[in-house]
Amino acid sequence: MAAQTQYDTERLKELIARARVVLWDFDGPICTLFAQHPSAGVAARFVEWLERVGLSYLLREQERGFKDPQAVLRAVDSRHPGSDLVVEMEERLTKEELHAAVGAMPTPWADPLIRTWTAVGSRLAVTTNNSPLAVHKYLESRGLLSCFAPHVYGRTQDLGLLKPDPHCLNRALSAMGADPSTALMIGDSPADAAAAREAGVSFLGYARDEDKENSLRDVKVKDVVGSLQPLLQLLRGEPTDLTG
């Protein structure tokens, strides 16, 4: 069910007004990456592959049921960090994400919001746990790459630097010469919120459904929207609804 999130219009105006730099999570606020290539299937194939090569013992019983392939990858990395196995799994995940990018579904209002934010002079970056190659492929397909390039900061083979570690946010801020107080991050997970907090960056939660909203509220995220439309309306100087 879609989230019917109440938000404070004046608070949104304040966040937008301060945002000289906008750091975007990718899968969620910009698109649904696995819309036509379900992530649960990718995770299951990881588990099956580990079984075929005799390494299923690396996963605990509950981890074999993970629906998120990144969770499977991180579980293996927690036992063999930086190993050849982890490198191979990360490469396999990148290939899956590149395949998924072809059928990714744009988040409603994301494309015009990105273009409008760029047009009014803010600088944008992607800070994500997904492969930067998949991000580039998707943004290029939507004609949005010029709004972000070269500032796409995604997963490296050092999985310890994935969010909630603020590494990708700090990379973006450093490369753009931006003070954290002038930046806003838009994300949809507790890991995004934690990374923003650690980096000293304001955070706006995007919750496409009630589960996402609850997960953000559970970690005390105050600013949450269920749609990107009110941000676009505020940037354009249009009146907004009370929910979004």
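Only heavy atoms go into these numbers, but all of them, side chains included; no hydrogens, no water, no symmetry mates. Residue numbers count from 1 along this sequence.
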Does the pair Arg45 and Glu96 meet the rule for a salt bridge (charged side-chain N to carboxylate O under 4.0 Å, His left out), with working shown?
CA-CA 10 Å; Arg45 286 192 290 278; Glu96 295 278 9; 3.3 Å; yes
Working to the nearest 0.5 Å, report the span between CE of Met89 and CD of Gln70.
11.0 Å
Write down the atom of Pro69, the atom of Ala43, and the distance for their closest heavy-atom approach.
N-CB, 3.7 Å
For the atom pair OG (Ser227) and CG (Leu231), what is the distance rounded to the nearest 0.5 Å?
8.0 Å
What residue among Leu184, Leu15, Leu216, Ile186 forms side chain to side chain contact (heavy atoms under 4.5 Å, CB included) with Phe203?
Leu216
Any non-hydrogen side-chain atom of Val72 less than 4.5 Å from a side-chain atom of Glu63?
no
Do you know which two heavy atoms are closest between His151 and Leu124, and how far apart they sit?
CB-O, 3.9 Å
Distance-only, no hydrogens or angles: does the Arg60 side chain make a donor-acceptor pair with backbone N or O of Tyr57 under 3.5 Å?
no
Could you tell me whether a side-chain N or O of Arg20 sits under 3.5 Å from a main-chain N or O of Ser122, the two making a donor and an acceptor?
no
For the pair Glu10 and Lys13, find out whether any cationic side-chain nitrogen is under 4.0 Å from an anionic carboxylate oxygen.
yes
Result of checking Leu23, Leu139, Leu144 against Val126 for side chain to side chain contact (heavy atoms under 4.5 Å, CB included):
Leu139
Do Leu12 and Leu235 sit in the same hydrophobic cluster, where Ile, Leu, Val, Met, Phe, Trp and Tyr count as joined when their side-chain heavy atoms come under 4.5 Å apart?
yes
Polar side-chain atom of Thr107 near backbone of Ala110 as donor-acceptor pair, under 3.5 Å
no
Are Leu98 and Met105 connected, step by step, through hydrophobic side chains (Ile, Leu, Val, Met, Phe, Trp, Tyr) whose heavy atoms are closer than 4.5 Å?
no
Taking atom CG as the centre, does Asp84 end up with more than 12 heavy-atom neighbours from other residues, nucleotides or ligands that are less than 6.0 angstrom away?
no
Check whether any side-chain heavy atom of Pro29 lies under 4.5 Å from a side-chain heavy atom of Arg208, and answer yes or no.
no
Thr118 (side chain) donor-acceptor with Ile114 (main chain) under 3.5 angstrom
yes
Treating Ile, Leu, Val, Met, Phe, Trp and Tyr as nodes and any side-chain heavy-atom pair under 4.5 angstrom as an edge, say whether Val42 and Leu85 lie in one connected cluster.
yes
The residue among Arg171, Glu198, Arg197 that forms side chain to side chain contact (heavy atoms under 4.5 Å, CB included) with Pro166 is Glu198
Between the NZ atom in Lys212 and the OG atom in Ser189, the distance rounded to the nearest 0.5 Å is 6.0 Å
So among Lys95, Arg74, Arg155, which one has a salt bridge (Lys or Arg N to Asp or Glu O under 4.0 Å) with Glu90?
Arg155
Answer yes when Arg217 and Glu213 have at least one side-chain N-carboxylate O distance shorter than 4.0 Å, and no when they do not.
yes
Short question: side chain of Thr32, backbone of Phe34 - any donor-acceptor pair under 3.5 Å?
no
Where is the tightest heavy-atom contact between Cys31 and Ala104, given as atom of each residue plus distance?
SG-CB, 4.1 Å
Look at Asp25 together with Lys163 and state whether they make a salt bridge at an N to O cut-off of under 4.0 Å.
yes
Counting C-beta onward and ignoring hydrogens, is there a side-chain heavy-atom pair between Asp192 and Met185 closer than 4.5 Å?
yes
Pairwise distance CG(Leu228) to CD1(Ile30) - rounded to 0.5 angstrom:
9.5 Å
Any heavy-atom pair between the side chains of Leu50 and Val76 that's under 4.5 Å?
yes
Okay, side chain of Ser131, backbone of Leu93: is any donor-acceptor separation there less than 3.5 Å?
no
When the ring centroid of Tyr138 is compared with that of Phe26, is the distance short of 6.0 Å?
yes
Rounded to the nearest 0.5 Å, how far does CG of Asp27 lie from OG of Ser39?
8.0 Å
What I want to check is whether the side chains of Arg18 and Ser202 have a donor and an acceptor closer together than 3.5 Å.
yes
If we count only N and O atoms by modelled type, under 3.5 Å, do the side chains of Thr156 and Asp158 hold a donor and an acceptor together?
no
Does one hydrophobic cluster hold both Val47 and Val86, with members joined at side-chain heavy-atom distances below 4.5 Å?
yes
Looking at Leu169 and Ala196, what are the two nearest heavy atoms and their distance?
CD2-CA, 3.6 Å
For side-chain contact (heavy atoms from CB on, under 4.5 Å), just list the numbers for Gln157 and Glu91, CA-CA rounded to whole Å, side-chain angles, deciding distance to a tenth of an Å, and then say yes or no.
CA-CA 9 Å; Gln157 291 181 343; Glu91 290 173 349; 3.7 Å; yes
Heavy-atom side-chain contact between His136 and Phe148 under 4.5 Å
no
According to a hydrophobic-cluster definition based on side-chain heavy atoms being under 4.5 Å apart (Ile, Leu, Val, Met, Phe, Trp, Tyr only), do Leu73 and Leu55 belong together?
yes
Considering residues, nucleotides and ligands other than Gln36, do more than 12 of their heavy atoms fall under 6.0 Å from its CD?
no
May I ask you to check whether over 12 heavy atoms, not counting those of Glu140, lie within 6.0 Å of atom CD?
no
Just how far is it from atom CG of Leu204 to atom NZ of Lys222, taken to the nearest 0.5 Å?
14.0 Å
Under the 3.5 angstrom rule, does the side chain of Asp188 hit a backbone N or O of Tyr206 as a donor-acceptor pair?
no
Considering all heavy atoms, the nearest Thr127-Ala172 contact:
CG2-CB, 3.9 Å
Taking all atoms of both residues into account, what is the closest heavy-atom pair of Val21 and Ala178, and its distance?
CG2-CB, 3.6 Å
Taking Arg64 first and then Glu61, would you say they form a salt bridge - that is, a charged N and a carboxylate O separated by under 4.0 Å?
yes
With side chains defined as the heavy atoms from C-beta onward, is the minimum distance between Leu173 and Val201 less than 4.5 Å?
yes
